[in-house]
Amino acid sequence: MFRTLRRALCVAAALLLPLAGVQSARADGTAEAAGAGYWHTSGRQILDAAGQPVRIAGINWFGFETGNHVVHGLWARDYKSMIDQMRSLGYNTLRMPYSDDILKPGTMPDSINTDGKNTDLRGLTSLQVLDRIVAYAGQSGLKVVLDRHRPDAAGQSALWYTASVPESTWITNLKALAARYKGNSTVIGIDLHNEPHDPACWGCGDTSRDWRLAAQRAGNAVLSVNPDLLIMVEGVQSFNGTNGWWGGNLMGVARYPVQLDVPDRLVYSAHDYATSVAQQSWFSDPSFPANLPGIWDKYWGYVFKQNIAPVWLGEFGTTLQPAVDQKWLAELVTYLRSTSAYGADSFHWTFWSWNPNSGDTGGILKDDWQTVDTAKDAYLASVKAPAFGSGTPGPGPGDPGGSTPACTAAYTVSSDWGGGFNAEVKVSNTGGVPLKSWQVSWTWSGSQKVTSMWNASHTQSGATVTAVNAAHNGSVPVAGSASFGLGGAPGGGSVPGLRCTAT
């Protein structure tokens with residue numbers, strides 16, 4: 001993204017369809033969810049430790065790269081509730097931007113509310129908070145990609161180094177993070193540097209500017225201490241006179257591929273944005289939006305389509321206000337390939353952003369850090385994919401947990417303005433086996449009607465509502481949970497009793 005065009009940040013879908021066999025089995029004969037263990041690549045796909053194809057379908061949660069030295073929003077909510085909500089919405093991976101500042105000894109986070117929330121973060125350094133977030137994400141079935149976003153909190157840099165943060169510091173810190181999470185397969189990869197741009201080049205041979213060579217040096221350094229990680233390498237801005245988004249130009253890969261010492265660990269990454277970030281020539285082309293697939297093919301899509309390597313769209317976002325942006329996002333989601341039709345043989349992605357305080361894109365959350373922008377989130381429904389499970393086997397047949405699917409549901413009103421209300425329902429797996437699907441029903445005491453519902457479908461007969469899981473969140477691991485939300489009218493009324501059934 002053209003960061004110089006950004007306004008200042010405010011500081012204060014379907015089940016995966018494996019293409020190579022079915023779910024693998026553990027030694028005890030039970031099925032193991034896709035995504036287990038460390039990942040590697042094969043052609044254009046990413047595979048888990050058992051060789052099952054997986055799809056990154058995630059969200060950016062920024063803040064560690066800013067002067068707060070921690071993800072934003074913890075002044076408003078507990079980090080665990082944030083991660084629970086991300087998972088309930090169908091996001092399965094967190095891209096976590098950071099700056100090298102958080103690796104300085106004793107760096108402390110700012111703007112965390114520990115009064116009744118985030119209590120386990122009290123007194124922790126920024127890195128220790130990151131540890132807690134990684135741990136809870138892993139328990140919740142989310143993977144994490146660490147994104148070296150900036151050399152320091154002052155701002156984005158064109159090159160991977162600056163006068164105050166030389167290449168040696170960059171590589172030392174990358175290795176430190178790789179070593180810190182070695183053996184923790186929640187952290188699947190590292191995005192080496194965010195959005196290299198002019199004067200960065202690709203394949204020019206000038207070691208002070210050639211991002212491809214720098215990525216090789218850094219990637220091999222990371223793999224020397226943690227050879228299980230994926231190495232995410234973004235593009236540049238310009239190649240042979242053709243300009244694009246910062247980090248979004250992978251045209252040089254065809255002639256100058258990144259070469260790593262450990263095979264099958266390379267993932268190429270691009271960024272792509274809409275007019276709320278900056279204008280590009282293709283937005284005003286008379287053939288827009290039909291011209292977009294050809295643009296994406298040229299800049300980064302060909303890497304996937306020619307089976308060179310997996311491609312991860314690490315950032316894309318928009319305020320969704322201009323009509324042109326709405327067309328752009330609809331076309332882009334189609335280009336990324338729906339999970340229902342293609343399974344994990346698809347582009348990977350992490351949307352920008354979870355945060356509402358991204359000045360030129362906004363976020364999935366609205367300004368209260370609680371309410372979901374359901375219109376924006378709905379655009380992504382077809383490319384969402386299941387969470388990966390906590391990796392902790394549940395009780396098998398004969399174990400205390402039994403083998404009968406069971407669930408409970410909890411109903412919380414998140415806002416009520418008299419004429420209407422929003423509510424969230426959390427479905428928890430209380431049985432000893434993973435859930436394949438679930439259904440929640442209730443009867444209101446008043447005249448309430450469902451006006452909208454997300455992450456579930458519903459029917460209503462009189463005061464009785466029945467909600468059924470969406471395709472992407474029906475699968476719930478043992479001790480795991482899924483959520484859906486709804487809007488209703490009029491407001492008021494007591495919280496209804498819920499009935500949850502599962503298969």
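- Side chains of S111 and N68: a donor-acceptor N/O pair is present below 3.5 angstrom, by distance only.
- Between W39 and F388, the ring centre distance stays below 6.0 Å.
- Using cut-offs of 30° and 60° on the angle between ring planes, the pair W170 and W211 is tilted.
- Atoms CG and CG, from L127 and L177 in turn, are 6.5 Å apart once rounded to the nearest 0.5 Å.
- A side-chain donor-acceptor contact under 3.5 Å links N473 to the backbone of N455.
- In this structure, a donor-acceptor pair under 3.5 Å is absent between the side chains of Q439 and N469.
- Side chain to side chain, T374 and D377 fail the donor-acceptor criterion of an N or O pair below 3.5 Å.
- Residues that satisfy the ring pair (Phe, Tyr, Trp, His ring centres under 6.0 Å) test with F64, not counting sequence neighbours, are absent from this structure.
- Between V71 and W354, the closest side-chain pair of non-hydrogen atoms is not below 4.5 Å.
- Expressed to the nearest 0.5 Å, how far CZ of F239 lies from CE of M251 amounts to 6.5 Å.
- Aromatic ring centroids of W246 and H197 lie under 6.0 Å apart.
- By the 30° and 60° cut-offs, the orientation of the rings of F347 relative to W300 is perpendicular.
- Counting only N and O atoms by type, the side chains of Q237 and W245 include no donor and acceptor under 3.5 Å apart.
- Using a 4.0 Å cut-off between charged side-chain N and carboxylate O, R87 and D84 make no salt bridge.
- Using a 3.5 Å distance cut-off with no hydrogens or angles, the side chains of Y335 and D297 do pair a donor with an acceptor.
- Of the possible polar contacts, none joining the R148 side chain to the D191 backbone as a donor-acceptor pair under 3.5 Å is found.
- Residue G487 comes nearest to N422 through the heavy atom pair CA-OD1, 3.5 Å, listed as atom of the first residue, atom of the second, then distance.
- For W438 and F484, the ring centers sit closer than 6.0 Å to each other.
- A cation-pi arrangement is absent between K327 and F288, since the terminal nitrogen or guanidinium carbon is not both under 6.0 Å from the aromatic centre and inside a 45° cone about the axis.
- Nearest heavy atom pair, residue G138 against residue T186, reads CA-OG1, 3.3 Å.
- Using modelled atom types, no side-chain atom of R150 and backbone atom of D100 make a donor-acceptor pair closer than 3.5 Å.
- A donor-acceptor pair under 3.5 Å is absent between the side-chain atoms of N355 and the main chain of N357, judged by distance alone.
- In plain terms, the two heavy atoms of S126 and P109 that are nearest each other are OG-N, 3.4 Å.
- Below 30°, between 30° and 60°, or above 60°: for F62 and H72 the angle between ring planes is above 60°, a perpendicular geometry.
- Considering only residues two or more places apart in sequence or on other chains, W454 meets the ring pair (Phe, Tyr, Trp, His ring centres under 6.0 Å) condition with none of them.
- For an aromatic pair to be called close, the ring centres must be under 6.0 Å apart, and H149 with W61 fails this.
- In summary, the side chains of R255 and N240 do not present any donor paired with an acceptor at a separation below 3.5 Å, with no hydrogens or angles considered.
- Inspection of the Q85 and R77 side chains reveals an N or O donor paired with an N or O acceptor under 3.5 Å.
- The shortest side-chain heavy-atom distance between L146 and Y98 falls under the 4.5 Å cut-off.
- T318 and D325 are linked by a side-chain donor-acceptor pair at a separation below 3.5 angstrom, with hydrogens and angles left out of the test.
- Of the possible donor and acceptor atoms, none in the side chain of Y79 sits under 3.5 Å from a partner among the backbone N and O of Y136.
- In this structure, CD1 on I83 lies 12.5 Å from CZ on R132, to the nearest 0.5 angstrom.
- Between F316 and Y273, the distance from one ring center to the other does not fall under 6.0 angstrom.
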Report the C-alpha separation of D152 and S99 in whole Å, then their side-chain angles, then the decisive distance to 0.1 Å, and conclude whether the side chain to side chain donor-acceptor pair (under 3.5 Å) test is met.
CA-CA 5 Å; D152 55 49; S99 83; over 6 Å; no

Derivation of the side chain to side chain contact (heavy atoms under 4.5 Å, CB included) call for S358 and D360:
CA-CA 6 Å; S358 177; D360 48 12; 4.0 Å; yes

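- Using modelled atom types and a 3.5 Å distance limit, the side chains of W202 and D210 yield no donor-acceptor pair.
- Proximity of a side-chain donor or acceptor of N291 to a complementary backbone N or O of W282 within less than 3.5 Å is detected.
- Nearest heavy-atom pair across V425 and A409 is CG1-CB, 4.1 Å.
- Other residues, nucleotides and ligands place no more than 12 heavy atoms under 6.0 Å from the NZ atom of K426.
- The shortest non-hydrogen separation linking M96 to V144 is CG-CG1, 3.8 Å.
- Within the 3.5 Å criterion, the main-chain N or O of Q156 finds no donor-acceptor partner in the side chain of E65.
- Side-chain N/O atoms of W312 and T350 include a donor and acceptor closer than 3.5 Å.
- Screening L336, D345, I46, T93 for a side-chain contact (heavy atoms from CB on, under 4.5 Å) with R55, the sole residue that qualifies is L336.
- Closest of all the heavy-atom pairs between L94 and M86 is CD2-SD, 3.3 Å.
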Evaluate the side chain to side chain contact (heavy atoms under 4.5 Å, CB included) criterion for residues T339 and K384: first the C-alpha distance (whole Å), next the side-chain angles of each, then the deciding distance (0.1 Å), finally the verdict.
CA-CA 7 Å; T339 306; K384 289 180 180 178; 5.9 Å; no

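- No hydrogens or angles considered: a donor-acceptor pair under 3.5 Å links the side chains of W328 and D272.
- A cation-pi arrangement is present between R337 and Y342, with the terminal nitrogen or guanidinium carbon under 6.0 Å from the aromatic centre and inside a 45° cone about the axis.
- At a threshold of 4.0 Å, the pair D147-R95 counts as salt-bridged, since one of the basic side-chain nitrogens sits closer than that to a carboxylate oxygen.
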Between V267 and V233, is a side chain to side chain contact (heavy atoms under 4.5 Å, CB included) present by the stated rule, with each step listed?
CA-CA 6 Å; V267 176; V233 179; over 6 Å; no

